[in-house]
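Quick notes on the structure that follows.
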Amino acid sequence: MSILQYAGYSREGAPAKVTQTTFCCLNILLTVNKTEKPASIITSSFYLCCLNTCAMSFLDELNPVQRQAVTTVNGPVLVIAGPGSGKTRVLTYRIAHLLQQGVPARHILALTFTNKSAREMKERIEKVVGVSARQLWAGTFHSIFARILRMEADKIGYPASFTIYDTDDTLSVIRSIIKEMNLDPAVYNPSAVRSRISICKSNLISPPLYRQHAEMLQQDRTAKRPFIVEIYERYVARCYRSGAMDFDDLLYQLFRLFQQNPDNVVERYRDKFRYLHVDEFQDTNHLQYAILRQLLKYDGSPRNVFVVGDDAQSIYAFRGATIDNILDFEKDFPDLQTFKLEQNYRSTHHIVSAANEVISHNKRQLHKTIWTEREDRDKIRLVKCLTDDEEGRRVADMILEQKHRYHIPNNEIAILYRTNAQSRKFEEHLRRLNLLYRVYGGMSFYQRKEVKDFVAYLRLAVNPKDEEALRRVINLPTRGISDATVEKLSAKAGASESTMWDAMTDWNLEVTDRAKKSLTNFRKMVEEWSSRAQTEPASKLAADILRRSGLGEMLKGDTSPEGIGRRENVDAVLDAISEFTDNQTLSPEEDTSAANSLAAYLQTISLLTDADEKADDGEYITLMSVHAAKGLEYRSIFVTGMEEGLFPSTMSFEDPNGLDEERRLFYVAITRAKEYLTLCYAQNRYRFGQIKVSAPSRFLEEIDQSHFTAAGGFGSARLSNTGIQPVSTGARVTGNFTQNRLRTTNATKPAETPANFQASPESEIKPGQTILHLKFGEGVVKSIEGPKDNRVASICFKNDSMPERRIVLKFAKLQIQE
DNA sequence: GTTTCGCATCTTTTT
DNA sequence: GATGCGAAAC
């Protein structure tokens with residue numbers, strides 16, 4: 001690549017924008033060199049000097065091993081990176097380095113674990129090398145592969161607008177098949193069947209191979225579930241007829257595509273992706289690795305592949321991830337260059353030592369020793385609680401205390417737990433103290449019922465064969481199509497090996513005239529959308545669908561607070577579609593038609609998790625599962641529910657490798673902490689609606705007690721017989737103390753939670769008043785409507801993107817302003 | 001054909 | 001403690 005290109009001039013010679021960062025570098029250089037030339041007339045040679053320095057400067061930020069890894073550009077590279085060792089930085093700078101070496105961005109592929117980390121990586125690269133990074137393909141395995149499949153779908157018999165079935169859709173298909181086959185759902189547990197099918201796909205066992213697979217068949221017989229293979233067959237056939245792929249299909253079908261089209265497809269992608277990068281390699285499964293091999297292993301391949309991972313952080317074995325991939329990688333690429341990043345830049349000494357001690361109990365691992373230069377702040381706090389409620393209360397209190405004493409902002413604090421269900425108690429207590437928080441991993445926006453309903457209509461417009469979408473909305477709002485009719489349709493479709501969509505036009509269908517009429521109307525309506533989808537902009541069509549389907553009416557009719565929320569959620573989908581179609585960046589080879597953009601939107605959202613939704617813009621405390629915390633870091637971490645049976649989970653006891661995986665999970669949890677780590681456990685916890693008594697987690701005993709705070713403690717509170725004394729902390733703070741804390745913390749964010757906030761009685765809120773809302777700030781009440789016991793105010797907030805918000809007074813806390 | 005209520009069922013983690 | 005399913009009432 002030429003210097004000019006690097007500086008923001010494209011290959012064609014047209015001047016593009018010089019990035020701000022480049023300018024920054026220039027300016028710094030100008031100052032340093034005492035050159036008085038303005039940036040606009042700098043000569044190429046000066047640029048050269050400048051750019052080299054620029055390049056140097058980011059390589060200078062790396063330690064010797066990191067730098068070596070980054071600058072090893074050719075051939076296969078494996079980086080074993082301990083927690084906090086600058087893994088992301090190495091990956092980012094490696095790509096930046098490639099771009100700087102003249103590798104065009106379109107030849108670089110980066111596969112990350114979440115959409116969010118892909119986005120962050122792209123942004124960081126762009127900061128270093130400028131807009132040329134935009135052409136980079138970076139995303140999750142699933143999203144990148146979906147993108148390829150969309151372009152090549154016809155070659156394996158799928159429509160480009162194929163639907164992606166999420167776990168719910170998949171389960172519902174399986175349930176329906178089990179029913180259709182008259183099997184007992186208690187024996188054929190749909191989730192168990194689903195995961196078995198998923199394992200098959202991840203290991204490239206297609207239904208015909210399953211039929212020949214003596215071991216799998218034997219397993220099924222022993223489990224008294226001999227018909228799984230038939231369910232699998234029907235499931236695959238049904239998905240195919242519906243033009244649908246499940247999550248595993250996105251990988252499996254891509255593998256098939258590549259396998260069946262060695263000349264016209266694989267070759268193109270081999271040529272396109274000349275530099276492959278894989279983040280979190282330890283969490284890839286066999287199938288993902290097989291696809292990587294397809295792209296890498298062939299005669300004359302440059303084999304430029306750069307994978308980063310840590311076997312100690314492998315926590316997705318349940319999804320088929322296997323450490324064998326790292327071992328196979330070494331076998332498949334004998335000239336592999338391996339780098340170990342062992343210096344931890346994230347955490348203090350106590351935390352790193354504790355992590356090392358814990359992980360040393362695992363049997364099978366690649367040897368490495370993580371060390372840190374970071375000085376200790378506090379020791380690790382161990383907190384014993386009587387109940388889960390006390391745990392919630394004390395964590396909330398400790399957060400308040402830490403905020404006050406160490407001035408830790410909310411977005412540097414996270415509460416982690418093994419299961420999502422544990423979030424509830426923390427939410428209650430954080431709310432009690434007026435602390436802002438966000439729960440990740442619960443229900444994401446796109447999983448809400450009303451959103452799924454609307455999305456199902458959109459799916460149908462793009463792909464009428466989508467059976468799950470059809471079933472979902474065919475009688476919503478009710479239009480006289482009963483379950484019986486739907487079942488008849490389904491049976492017809494099954495018998496003729498076609499779809500329910502086709503069965504609707506079958507006049508031999510034995511249903512009432514009324515039902516027939518409804519079906520015809522419904523089909524007409526969808527057909528019309530379907531044809532309009534070819535030409536009309538996605539957002540306009542979507543708005544029409546909301547109206548015509550009757551869904552909009554239905555939601556409008558519900559004036560309950562929840563109903564209004566639902567209506568807002570559906571409107572938010574419309575906004576999201578506009579935003580998506582406006583900002584979509586596609587490469588030239590991709591179809592940009594209206595129909596395709598709606599399909600692309602639908603495919604994208606089914607791969608979103610709520611962790612991807614919004615950047616951590618606000619001042620929120622984070623609540624999430626340990627799994628979701630992977631790759632993240634916070635100054636203060638609370639790992640909660642450290643009890644036998646919960647963490648490690650009871651489910652892990654049966655599997656011989658289960659405990660090791662749980663231990664790795666715990667390792668991931670504690671290494672998220674930069675400075676403060678608190679571990680909590682409760683003796684009694686509500687599960688099943690009943691109190692369950694449990695012992696402290698065995699993992700706690702694997703940490704040397706010298707890392708725990710020795711001070712304080714309830715006299716008798718001892719952790720088993722190790723002599724570790726859990727400390728007493730904020731649990732005993734007085735009400736007064738808490739009040740003071742509240743004011744202090746709130747004082748940092750006056751606009752949102754003023755210290756003297758006091759909600760006015762609901763009855764006193766009247767139109768025309770200026771009011772204060774804890775979240776939205778100051779606003780003017782425009783109007784109030786609804787029955788006396790459920791009044792809804794339309795309020796226009798001063799600093800808000802929405803022109804007006806509808807607030808249910810029964811729940812809202814508003815303070816009338818003078 | 002539609003709605004509502006009560007019963008039973010399970011709870012790990014996620015793309 | 002939520003969610004799904006079946007039965008009974010509308």
Side-chain angles (χ1 to χ4, degrees), chain A residues 111-118 139-146 164-172 175 179 185-186 189-192 194-195 198 201-202 245-252 280 283-285 287-288 314-321 388 416-425 440-444 446-447 449 475-486 511-512 514-515 518 603-612 624-630 641 645-655 658 661-662 664-666 668-669 685-690 692:
Chain A
L111 297 166
T112 59
F113 203 69
T114 61
N115 292 299
K116 189 177 159 211
S117 60
T140 61
F141 276 91
H142 291 82
S143 65
I144 294 279
F145 292 177
I164 297 174
Y165 277 178
D166 64 13
T167 310
D168 285 344
D169 294 317
T170 301
L171 273 177
S172 130
R175 267 193 214 107
K179 203 168 163 192
N189 176 294
S191 319
R194 189 197 68 84
S195 75
S198 169
K201 287 190 181 172
S202 310
M245 298 193 198
D246 64 20
F247 288 142
D248 300 303
D249 275 329
L250 294 175
L251 313 177
Y252 182 73
E280 310 282 10
D283 288 324
T284 54
N285 64 29
L287 176 53
Q288 287 166 324
S314 160
I315 54 174
Y316 282 98
F318 71 91
R319 213 168 73 186
D388 50 351
L416 308 183
Y417 33 75
R418 179 67 239 268
T419 66
N420 285 308
Q422 287 165 255
S423 72
R424 171 178 297 279
K425 277 287 169 220
Y440 289 89
M443 196 182 304
S444 92
Y446 287 102
Q447 284 174 325
K449 184 185 177 299
N475 202 29
L476 187 106
T478 50
R479 47 171 74 87
I481 303 173
S482 70
D483 291 349
T485 309
V486 173
V511 294
T512 59
R514 190 176 144 197
S518 302
Q603 288 166 2
T604 306
I605 59 168
S606 45
L607 297 174
L608 283 184
T609 59
D610 59 348
D612 298 322
M624 61 184 158
S625 72
V626 181
H627 281 90
K630 193 166 81 143
L646 186 60
F647 198 179
S649 149
T650 343
M651 311 294 270
S652 70
F653 296 156
E654 294 160 28
D655 182 353
E661 169 129 334
E662 294 286 313
R664 289 192 295 267
L665 196 55
F666 183 50
V668 168
R685 182 178 296 276
Y686 270 97
R687 275 178 107 183
F688 249 136
Q690 281 201 327
K692 212 191 148 219

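All figures in this text were calculated on a predicted structure; none of them were measured in a lab. Numbered from 1 within each chain, the chains take letters A, B, ... in sequence-line order.
- No side-chain donor-acceptor contact under 3.5 Å links A:Asn475 to the backbone of A:Thr478.
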Item to check | Candidate pair A:Asp248 and A:Ser198, rule side-chain hydrogen bond (donor to acceptor under 3.5 Å, both in side chains), full reasoning | outcome: CA-CA 6 Å; A:Asp248 300 303; A:Ser198 169; 3.0 Å; yes

Checklist entry - Between A:Leu665 and A:Arg418, is a side chain to side chain contact (heavy atoms under 4.5 Å, CB included) present by the stated rule, with each step listed? => result CA-CA 9 Å; A:Leu665 196 55; A:Arg418 179 67 239 268; 3.3 Å; yes

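- Remark: side-chain polar atoms of A:His627 are paired, donor with acceptor, to backbone N or O of A:Ile315 under 3.5 angstrom.
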Item to check | Nucleic acid footprint by protein, nucleotides 10-15 of chain B - heavy-atom cut-off 4.0 Å, B for base, S for sugar-phosphate alone | outcome: BBBBBB

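- Between the side chain of A:Glu280 and the backbone N or O of A:Thr112, no donor-acceptor pair lies under 3.5 Å.
- The environment of A:Phe318 atom CZ is dense: over 12 non-hydrogen atoms of other residues, nucleotides or ligands sit within 6.0 angstrom.
- Comparing the P positions of C:dG4 and B:dT13 gives an interatomic distance of 16 Å, to the nearest angstrom.
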Could you list all N or O pairs between the protein and nucleotides 2-8 of chain C that sit under 3.5 Å apart?
{"residue": "C:dA2", "atom": "OP1", "partner": "A:Arg424", "partner atom": "NH2", "Å": "2.8"}

Next on the checklist: As a quick check of understanding, evaluate side chain to side chain contact (heavy atoms under 4.5 Å, CB included) for A:Met245 and A:Tyr165, giving each step before the final call.
Outcome noted: CA-CA 6 Å; A:Met245 298 193 198; A:Tyr165 277 178; over 6 Å; no

Polar atom pairs (N or O), protein with nucleotides 1-7 of chain B, under 3.5 Å:
{"residue": "B:dG1", "atom": "OP1", "partner": "A:Ser482", "partner atom": "OG", "Å": "3.1"}
{"residue": "B:dG1", "atom": "OP2", "partner": "A:Ser482", "partner atom": "OG", "Å": "3.2"}
{"residue": "B:dT2", "atom": "OP1", "partner": "A:Gly480", "partner atom": "N", "Å": "3.0"}
{"residue": "B:dT2", "atom": "OP2", "partner": "A:Asn475", "partner atom": "ND2", "Å": "3.3"}

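- A centroid separation of 6.0 Å or more is found between the aromatic rings of A:Tyr252 and A:Phe247.
- Considering all non-hydrogen atoms of both residues, A:Tyr417 and A:Ser423 come closest at OH-CB, 3.3 Å.
- Between the side chain of A:Ser202 and the main chain of A:Leu287, no donor-acceptor pair closer than 3.5 Å is present.
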